[in-house]
Amino acid sequence: MSEIVLFRLEIEIFMVRKEITWLGHAAFKAEIGENVIFFDPWISGNPMCPIKDVKEIEKATLVLVSHDHSDHGFDDAVKICKNTGATFVGVFELAQEARKRGVEKTVGGNIGGEVKVDDITVFFTPALHSSSIGVPCGFVVRTPELTIYHAGDTGFFSEMEDISKLYEIDVAILPIGSTYTMGPKEAALAVEKLKPKIVIPCHYNTFPQIKQDPQEFKRLVEERCRVEILEPGKSLIIP
Ligand code: NI
Ligand code: MN
């Protein structure tokens, strides 16, 4: 490859947009190149969400929901998919439910498996949690430019180490609220196992049961990993 071609490639890679916005709780928007990916988009009734109405969301490529608890936005995910034509991704039973509710493009998978939607690959991780429809899960989402692990709601599990053997995680999104999920201490152990380049804590301070100091989490992990504590509505831009 000539130097000119290499230089062009570098510029192209540099110019790809890689931006992750916290929408409060476990809800995130990842804008990577032309893709707009939503994770657990709890919009309606989410006291931390900067978007007040799903109708404000005009573009979405992929909408992933980790499980059907109301604070993870399955209802809103269905609306976003219907409004934008985005593809819904979730465990088989949840994807079936989305289809029943009128979502045209749904892709169901299950723990340990992988699905592909255009240039995005989604691996379904386990999540130690509960749900009414199917089972809860987490997602490793890989685009050509970035690999994100959104853990969903989960307690700590030691197989997180194996996830790091399968995928090099650029950004890990982990719950730290305790009560229903990992707390700061467990999430710090998760970081040790997952070895992400960047970690973003979530699922805390939305309601009294999950009150936490994210700085405590930061203190526990900052030696081994870059910690990004976001404010709801604020974005992390990855170079
Ligand atoms: Ni839950
Ligand atoms: Mn939850």
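Scope of the values below: all heavy atoms of this structure, side chains included, with no hydrogens, waters or symmetry mates. Atoms within a ligand are numbered from 1 in the order they appear, just like the ligands themselves. Here, residue 1 is the first one in the sequence, and each next residue gets the next number.
For His67 atom NE2 and His129 atom NE2, the angle they make at the Ni ion (ligand 1) is roughly 100°, to 10 degrees. Rounded to the nearest 10 degrees, the angle NE2 (His72) to the Mn ion (ligand 2) to NE2 (His203) equals 100°.
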Derivation of the side-chain contact (heavy atoms from CB on, under 4.5 Å) call for Phe123 and Tyr167: CA-CA 10 Å; Phe123 175 76; Tyr167 304 107; 3.3 Å; yes

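As for His69, its N/O/S atom nearest the Ni ion (ligand 1) is the one called ND1. For Asp71, the N, O or S atom with the smallest separation from the Mn ion (ligand 2) is OD2. Looking only at N/O/S atoms, Asp153 comes nearest to the Ni ion (ligand 1) through OD2.
Using a 4.0 Å cut-off between charged nitrogen and carboxylate oxygen, Lys116 and Glu114 do not count as a salt-bridge pair. Between Lys185 and Glu216 no salt bridge is recorded (no basic side-chain N to carboxylate O distance below 4.0 Å). One finds a salt bridge joining Glu97 and Arg101 here, because a Lys/Arg side-chain nitrogen approaches an Asp/Glu carboxylate oxygen to under 4.0 Å.
Between Phe139 and Tyr149, the gap from one ring centroid to the other reaches at least 6.0 Å.
Metal site remark for the Mn ion (ligand 2): Asp153 contributes an N, O or S atom at a distance under 2.8 Å.
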